[in-house]
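Take a look at the structure below.
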Amino acid sequence: MAPKYWLVKSEPEVFSFADLKMSRNRTTHWDGVRNYQARNFLREMEKGDRVLFYHSNCDIMGVVGVAEVTKEAYPDHSAWDPKSNYYDPDSTPENPRWFMVELTWQQDFKRKVTLSEIKAARPLQKMRLLQRGNRLSVMPVSKAEHDCICQMGMR
DNA sequence: GCCAACGTTGGC
DNA sequence: GCCAACGTTGGC
């Protein structure tokens, strides 16, 4: 099965791409997604899928590197922890509502591909990232868009 | 099922 | 810090 392509957003002050790189095995579980549409995308992720890592809500927003899905969707246990920020009493181990995947750092871009560059790049105009009112933290990206952004980032 | 109120996201 | 654009909640 050919790998699929995704973009995940993270606020670097909360969890940056450098944080992922410094994690054990350069891997983390991508928990805390509490939006149904984003969850559904998470559940479509498969091992080997490529993930563009985007920094949001910071000085210069943009894609900073590439990660890979190393474990596909499994129940997000932070939803069961009353002390977690992501606690959701309606999600239970018997009937989990929320899921997470495992992401592994793969490659730093030589330079950040900024939001304004993405907005200016003709092949990227249809990206979901640029669509009005978009607030998804996990979204699909086409292979062409992924390749274009990687090319910009590695130049 | 409608919809107003409220909370959150995230670019600016 | 502001605020537009959502999603969610809860009364009816």
Side-chain angles (χ1 to χ4, degrees), chain A residues 4-23 28-45 49-69 72-103 105-142 144-153 155:
Chain A
K4 297 185 291 292
Y5 302 90
W6 307 92
L7 181 146
V8 299
K9 290 184 193 169
S10 187
E11 302 189 22
E13 300 217 347
V14 179
F15 190 86
S16 71
F17 197 50
D19 291 331
L20 176 60
K21 192 176 180 180
M22 289 185 300
S23 299
T28 193
H29 48 264
W30 203 250
D31 65 353
V33 172
R34 294 293 179 271
N35 169 286
Y36 286 105
Q37 212 182 340
R39 178 204 66 180
N40 293 342
F41 287 140
L42 268 188
R43 296 182 69 172
E44 289 177 28
M45 284 181 165
D49 285 359
R50 307 257 294 167
V51 177
L52 299 173
F53 200 103
Y54 177 87
H55 280 170
S56 67
N57 246 327
C58 55
D59 274 357
I60 304 172
M61 292 158 287
V63 179
V64 291
V66 179
E68 187 179 307
V69 177
E72 50 200 60
Y74 58 108
D76 182 345
H77 47 68
S78 69
W80 309 330
D81 176 7
K83 290 193 288 287
S84 166
N85 286 336
Y86 304 125
Y87 179 57
D88 178 358
D90 291 335
S91 184
T92 63
E94 296 73 34
N95 191 15
R97 171 176 295 188
W98 304 114
F99 291 80
M100 56 190 179
V101 297
E102 221 173 66
L103 294 185
W105 175 92
Q106 264 218 317
Q107 183 176 44
D108 288 330
F109 279 173
K110 285 184 182 157
R111 54 179 207 85
K112 181 187 285 182
V113 178
T114 66
L115 179 59
S116 55
E117 287 177 285
I118 292 172
K119 283 181 175 169
R122 189 157 284 134
L124 302 178
Q125 291 313 294
K126 296 232 170 103
M127 279 189 78
R128 201 179 277 257
L129 181 70
L130 301 183
Q131 282 166 25
R132 205 173 77 120
N134 152 73
R135 283 170 40 187
L136 283 178
S137 56
V138 179
M139 64 184 85
V141 169
S142 75
E145 290 160 353
H146 162 272
D147 292 351
C148 179
I149 287 179
C150 284
Q151 226 170 47
M152 292 165 77
R155 197 156 48 211

Going by salt bridge (charged side-chain N to carboxylate O under 4.0 Å, His left out), name the residues that satisfy it together with A:Glu44, two or more places apart in sequence or in a different chain. none

Side-chain donor-acceptor distances from residues 121-131 of chain A under 3.5 Å, at least two apart:
| residue | atom | partner | partner atom | Å |
| --- | --- | --- | --- | --- |
| A:Gln125 | NE2 | A:Lys119 | O | 2.8 |
| A:Gln125 | NE2 | A:Ala121 | O | 2.7 |
| A:Gln131 | NE2 | A:Lys126 | O | 3.1 |

Do any of residues 57-66 of chain A sit with a heavy atom less than 4.0 Å from DNA chain B, and if so which? A:Asn57, A:Met61

Salt bridge (charged side-chain N to carboxylate O under 4.0 Å, His left out) involving A:Asp88 - partner list, sequence neighbours excluded: A:Arg97

Residues at least two apart in sequence or cross-chain that pass ring pair (Phe, Tyr, Trp, His ring centres under 6.0 Å) with A:Tyr86, listed by chain then number, are none

Could you name each residue pair satisfying salt bridge (charged side-chain N to carboxylate O under 4.0 Å, His left out) that touches residues 30-42 of chain A, not counting sequence neighbours? A:Arg34-A:Asp76

Could you give the start and end, 5' to 3', of the contact zone on DNA chain C for chain A, using atoms under 4.0 Å from its heavy atoms? C:dA5 to C:dT8

Counterpart residues, salt bridge (charged side-chain N to carboxylate O under 4.0 Å, His left out), relative to A:Asp108 (two or more places apart): A:Lys21

With sequence neighbours left out, the residues meeting side-chain hydrogen bond (donor to acceptor under 3.5 Å, both in side chains) with A:Ser84 are none

The criterion is side-chain contact (heavy atoms from CB on, under 4.5 Å); which residues satisfy it with A:Asn57, sequence neighbours excluded? A:Glu11

Under 3.5 Å side-chain donor-acceptor pair for A:Thr92 and A:Asn95: no

How sharply is the helix from B:dG1-C:dC12 to B:dC12-C:dG1 bent, taking the axes over five pairs at either end and rounding to 10 degrees? 10°

Please enumerate all residues that pass salt bridge (charged side-chain N to carboxylate O under 4.0 Å, His left out) together with A:Asp49, with sequence neighbours excluded. A:Lys4

